[in-house]
Amino acid sequence: MGIARTHDEDYETTEFKTLVALAAMERRKDNGEFKGLTSHSSIVDLQGKLVCVTSGASFFGFALVNRLLLHGYFVRVLVANQEDVEKLREMEISGEMMGCKSKISVVMAKSNEIQGLMEAFDGCCGVFHTSSFADPAGLSGYSKSMAEMEGKASENVMKACARTPSVKHCVLTSSLLACIWRDNTQYEFPPLVNHNCWSNESLCVDKKLWYALGKLKAEKVAWKIAEEMSLNLTTICPGLITGHEFSYRNPTATIAYLKGAQEMYANGLLATVDVRRLAEAHVSVFEAMKTTTALGRYICFDRIIQCEDEAEKLADEIGIPRNKISGNSSDYVFPNCFELSNKKLANLMSITLRSCYGES
């Protein structure tokens, strides 16, 4: 799928840096917004085009912000700290940020403060909760405590969305890992994975698959809150998110996703998706929600790693040994795995394309 890189207008770097710095000085001071979005009176004129993206400075969050801008949305970027504001500033200076500067606003809020989240969401017609957590200690891995934090953050975001009158729709970024880790001992072959499948929480704990556990907890609590509080929710479950310098720009999630990679590879379930395509899928689903044609869960990927060459290429991109992904190939009966993989590929791609891109 081709994606055109366009710019609505040239950026004025000095003004942008000043505005971002002011936005970071105090959470919600003057609504924490840039010129062009300085008051709630201006929000009235946006006609359902103002949305909020949580973790907007993350690898995927930033790609989503750019994609929304290219679709004509006004985007309020929710960040947790000054460091994230600095990241956005660097991205703007480097020319990575697309769209008109007057369409972007920045606000700081903590995921454990529902009132602060409600203030951040106020005036937005939709919220994209990208659920992007980074390891605060560096690249030491995604821990069990982070899984608990992700679940709690999702609960708070959903409650804030449901309590904010302007928010009509919410899209949560989950993971394919929330679907595939199941106890398949009763089957001769692993059964087909689709949007109705849920990973087993106990299995994730036993295998110490903390990233899968975090996404599973986040999505399950989101659906629980959505049902209890009548929130219009859709979730997207992507494969491993790839793209330009993905392992460098998104190290914690990349390494954490690949815990159990050998087993996923052997069962034809190690799928990836380009970050730009994933961002486009989010926008497409969100727009479909406005006409009630989109609901439920959506699996999203554009490739399955199903041969040694593909495993080696992925390993090289990440900077890890090939056997961390494919293991010892002599241990597997590849004809059966390929056949199973191809069946999964055909079915999952059908679901993905029909759900996310409107194709039949």
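Please read these numbers as outputs of a predicted model, since none were measured by experiment. Throughout, numbering of the chain's residues begins at 1 and tracks the sequence.
- Once rounded to the nearest 0.5 Å, the distance linking SG of C161 with CG of N156 reads 11.0 Å.
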Worksheet item: When you look at M229 and R163, which way does the side chain to side chain contact (heavy atoms under 4.5 Å, CB included) test go after all the steps?
Response: CA-CA 8 Å; M229 303 183 71; R163 295 174 185 175; 3.8 Å; yes

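- Using a 3.5 Å distance cut-off with no hydrogens or angles, the side chains of Y73 and E287 do pair a donor with an acceptor.
- The line from CG of L278 to CZ of F301 is 13.0 Å long, rounded to the nearest 0.5 Å.
- In this structure a side-chain-to-backbone donor-acceptor pair under 3.5 Å is missing from S174 to I236.
- In this structure, I114 and M118 have side chains that are in contact, with non-hydrogen atoms separated by less than 4.5 Å.
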Worksheet item: Between L64 and V283, does a side chain to side chain contact (heavy atoms under 4.5 Å, CB included) hold up when you go through it step by step?
Response: CA-CA 8 Å; L64 178 57; V283 179; 4.2 Å; yes

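- Nearest heavy-atom pair, L314 versus L240, reported as atom, atom and distance to 0.1 Å: CD1-CD2, 4.1 Å.
- The side chain to side chain donor-acceptor pair (under 3.5 Å) test with T235 is passed by exactly one of E219, H129, H195: E219.
- In this structure, N66 and L69 have side chains that are in contact, with non-hydrogen atoms separated by less than 4.5 Å.
- With rounding to the nearest 0.5 angstrom, the OG atom of S154 is 5.0 Å from the CG atom of L172.
- At a threshold of 4.5 Å between non-hydrogen side-chain atoms, the residues L78 and V127 do not count as touching.
- Without hydrogens or angle criteria, T54 side chain to T130 main chain gives a donor-acceptor distance under 3.5 Å.
- Taking a cutoff of 4.0 Å between a charged side-chain nitrogen and a carboxylate oxygen, K224 and E155 do not qualify as a salt bridge.
- Other residues, nucleotides and ligands contribute over 12 non-hydrogen atoms within 6.0 Å of the NZ atom of K290.
- At least one donor-acceptor pair under 3.5 Å links the side chain of K259 to the backbone N or O of K208.
- Summarising the geometry of I180 relative to S199, their closest heavy-atom pair is N-OG, 3.2 Å, with the distance given to 0.1 Å.
- Annotation: K324, atom NZ; neighbour count of heavy atoms from other residues, nucleotides and ligands within 6.0 Å does not exceed 12.
- Under a 3.5 Å cut-off, the side chain of N250 and the backbone N or O of F246 do not form any donor-acceptor pair.
- Inter-residue side-chain proximity for K207 and W181 is flagged as met; some heavy-atom pair is nearer than 4.5 Å.
- A donor-acceptor pair shorter than 3.5 Å can be found between the side chains of H282 and T173.
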Worksheet item: Does the pair F59 and T254 meet the rule for a side chain to side chain contact (heavy atoms under 4.5 Å, CB included), with working shown?
Response: CA-CA 11 Å; F59 178 61; T254 298; over 6 Å; no

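- Formation of a donor-acceptor pair under 3.5 Å by the S247 side chain with backbone atoms of E317 is found in this model.
- Judged by distance alone, with hydrogens and angles left aside, the side-chain atoms of E150 form no donor-acceptor pair with the main-chain N or O of K215 at under 3.5 Å.
- Salt bridge status for K313 with E310: absent, with no side-chain N to carboxylate O gap under 4.0 Å.
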Item to complete: I would like to know whether R322 and E308 meet side chain to side chain contact (heavy atoms under 4.5 Å, CB included); could you show each step before the answer?
Response: CA-CA 8 Å; R322 178 189 61 80; E308 289 189 66; 3.4 Å; yes

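- A salt bridge links R67 to E280: at least one charged side-chain nitrogen sits closer than 4.0 Å to a carboxylate oxygen.
- If you take CD1 on I318 and CD1 on I325, they are separated by 5.0 Å, rounding to the nearest 0.5 Å.
- In this structure, D84 and K87 have side chains that are in contact, with non-hydrogen atoms separated by less than 4.5 Å.
- A donor-acceptor distance shorter than 3.5 angstrom exists from the side chain of R76 to the backbone of D122, with no hydrogens or angles considered.
- In this structure a side-chain-to-backbone donor-acceptor pair under 3.5 Å is present from T242 to V273.
- In this structure a side-chain-to-backbone donor-acceptor pair under 3.5 Å is missing from T234 to V171.
- Side-chain atoms of E119 and Q115, non-hydrogen and from C-beta on, do get closer than 4.5 Å to each other.
- For the residue pair G116 and A109, the shortest heavy atom distance occurs at O-CB, 3.9 Å.
- Proximity of a side-chain donor or acceptor of S175 to a complementary backbone N or O of C237 within less than 3.5 Å is not detected.
- Atoms CZ and SG, from F286 and C170 in turn, are 9.5 Å apart once rounded to the nearest 0.5 Å.
- One finds the OG atom of S143 at 9.5 Å from the CD atom of E148 (value rounded to the nearest 0.5 Å).
- A cation-pi arrangement is present between R297 and W198 under the rule of less than 6.0 angstrom and at most 45 degrees off the ring axis.
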